[in-house]
Each structure stands twice: as C-alpha cells, then as structure tokens.
Amino acid sequence: HDWFGEGVPLWDIGGDTVVTNRHVRLTPSQESRFGWAWNTAANHLPWWEAKLKFRIHSGQYYGADGMALWLVEKPYKSENPGPLYGMEASFKGIGNLVDTYDNDGDSQQPSVMVIRNDGTKGS
C-alpha cells in the first residue's frame with residue numbers, strides 16, 4: 001500500500017510524519033521537527049482501552065523533547081507546533097506526555113505525565 005501517496009484510512013497525518021508498512025515515524029532525527037497522527041473517527045464508547053507501542057531513539061542526537069498521546073475533543077492542526085508537546089495550551093481533554101529531554105539538568109528524565117484540561121486553562 002502507498003501510505004505516503006494515498007494516506008492512512010481514518011487518520012490525518014501531517015508535519016514531518018512518515019508512514020511505512022512497518023511503522024509511523026512522527027519526526028526524523030533532526031532538531032526542531034514535529035509531526036502528528038490524529039484519528040479522524042470520534043470515540044463514543046463509554047469504556048475502551050488504548051495500547052501504544054513506541055520507541056524514542058536517535059543514533060546521532062541526545063534524545064528529543066518527547067511525545068504525547070492526546071485524547072481531545074478537537075485535534076490541533078497547524079504547521080507550527082503548539083507550546084505543549086505540539087498541542088495548543090487551551091486543549092479540552094487528556095494528554096499523556098512522555099518527556100525524554102533533561103532541560104534543567106536534574107536527571108529526572110524520562111518522565112511520564114497525565115494532564116487534563118477543560119479548555120479554559122492555558123490560553
């Protein structure tokens with residue numbers, strides 16, 4: 001299947017994201033890149049489970065800032081990343097954040113955080 005030319009059914013892929021038959025790469029191993037893969041089908045199920053297998057790595061650079069799995073009312077689509085792992089700060093939903101870069105030098109990375117916003121905070 002030609003994922004690059006035809007797209008992925010039920011997904012909006014953008015930014016620096018590349019899809020192959022083996023994986024989805026959100027960004028290349030270069031500075032200041034970002035990408036996304038938003039599911040376009042709404043989830044109206046009261047109970048559900050998500051399983052995500054991911055790998056954050058680079059052979060040349062010292063990690064990346066991280067990544068996020070967003071469960072939001074409205075996806076953020078822009079050619080410019082938002083301030084919160086690519087998302088706008090006033091999102092409505094839940095974000096599962098994986099921080100991989102030691103910005104402050106305190107050796108507390110990697111870390112995983114879950115945040116929630118009702119859309120009124122961070123604008």
Side-chain angles (χ1 to χ4, degrees):
H1 185 79
D2 181 10
W3 301 116
F4 188 76
E6 298 174 28
V8 180
L10 302 178
W11 289 87
D12 175 31
I13 308 295
D16 295 307
T17 302
V18 173
V19 179
T20 72
N21 287 334
R22 296 184 57 211
H23 66 270
V24 175
R25 185 182 71 202
L26 293 176
T27 62
S29 182
Q30 297 172 351
E31 292 182 22
S32 302
R33 300 299 180 108
F34 87 110
W36 66 83
W38 288 108
N39 187 277
T40 59
N43 180 0
H44 300 290
L45 300 172
W47 299 98
W48 52 273
E49 177 180 337
K51 292 183 179 183
L52 175 68
K53 181 178 179 180
F54 65 93
R55 184 171 78 162
I56 299 174
H57 69 98
S58 173
Q60 184 176 1
Y61 298 102
Y62 179 73
D65 283 334
M67 63 168 281
L69 173 64
W70 295 100
L71 308 166
V72 293
E73 187 174 275
K74 180 181 150 196
Y76 178 73
K77 298 179 187 176
S78 174
E79 291 301 315
N80 299 308
L84 189 59
Y85 289 81
M87 174 61 87
E88 61 187 339
S90 59
F91 70 95
K92 186 173 183 181
I94 297 172
N96 300 280
L97 313 178
V98 178
D99 186 355
T100 59
Y101 190 74
D102 191 10
N103 296 70
D104 56 9
D106 67 359
S107 301
Q108 297 298 311
Q109 274 65 30
S111 62
V112 177
M113 300 161 275
V114 177
I115 59 173
R116 182 177 64 93
N117 194 348
D118 62 5
T120 63
K121 300 171 191 77
S123 43

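Computed from a prediction, not measured in an experiment: that's the story for all the values here. Each residue takes its place number in the sequence, starting with 1.
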Participant: Measure the spacing between CG of D16 and CH2 of W36 and express it to the nearest 0.5 Å.
Facilitator: 8.5 Å
Participant: About how many Å separate CD of E73 and CG of N117, when rounded to the nearest 0.5 Å?
Facilitator: 11.5 Å
Participant: Taking C-beta and beyond as the side chain, do W11 and V19 meet within less than 4.5 Å on heavy atoms?
Facilitator: no
Participant: What is the distance from atom CH2 of W38 to atom CG of L10, rounded to the nearest 0.5 Å?
Facilitator: 16.0 Å
Participant: Please evaluate residues K77 and D12 with respect to the criterion salt bridge (charged side-chain N to carboxylate O under 4.0 Å, His left out), reporting the C-alpha separation (whole Å), side-chain torsions for both, the decisive distance (0.1 Å), and the verdict.
Facilitator: CA-CA 9 Å; K77 298 179 187 176; D12 175 31; 3.3 Å; yes
Participant: For R116, does the CZ atom sit with more than 12 other heavy atoms under 6.0 Å from it, leaving out its own atoms?
Facilitator: no
Participant: Could you state the interatomic distance from CG (L26) to CZ (R33), rounded to the nearest 0.5 Å?
Facilitator: 13.5 Å
Participant: Determine whether Y76 and L97 fall in the same hydrophobic cluster, where Ile, Leu, Val, Met, Phe, Trp and Tyr are linked whenever their side-chain heavy atoms lie under 4.5 Å apart.
Facilitator: yes
Participant: Under 4.5 Å between side-chain heavy atoms, hopping through other hydrophobics if needed: is there a path connecting W70 to M113?
Facilitator: yes
Participant: Between S78 (side chain only) and P81 (backbone N and O only), is there a donor and an acceptor less than 3.5 Å apart?
Facilitator: no
Participant: Would you check if N96 and V112 make a side-chain contact, meaning some heavy-atom pair closer than 4.5 Å?
Facilitator: no
Participant: How long is the gap from CE on M87 to CD1 on I115, to the nearest 0.5 Å?
Facilitator: 9.0 Å
Participant: Taking atom OG1 of T17 and atom CZ of F34, what is their separation to the nearest 0.5 Å?
Facilitator: 8.5 Å
Participant: Tell me the closest heavy-atom pair linking E49 and K51, and the distance in Å.
Facilitator: OE2-CE, 2.9 Å
Participant: Can you tell if the side chain of M67 reaches within under 4.5 Å of the side chain of F54, non-hydrogen atoms only?
Facilitator: yes
Participant: Looking at every non-hydrogen atom in both residues, tell me the closest pair between I94 and V72 and how far apart they are.
Facilitator: O-CG1, 4.4 Å
Participant: Taking all non-hydrogen atoms of both residues into account, name the closest pair between I13 and A37 and its distance.
Facilitator: CD1-CB, 3.7 Å
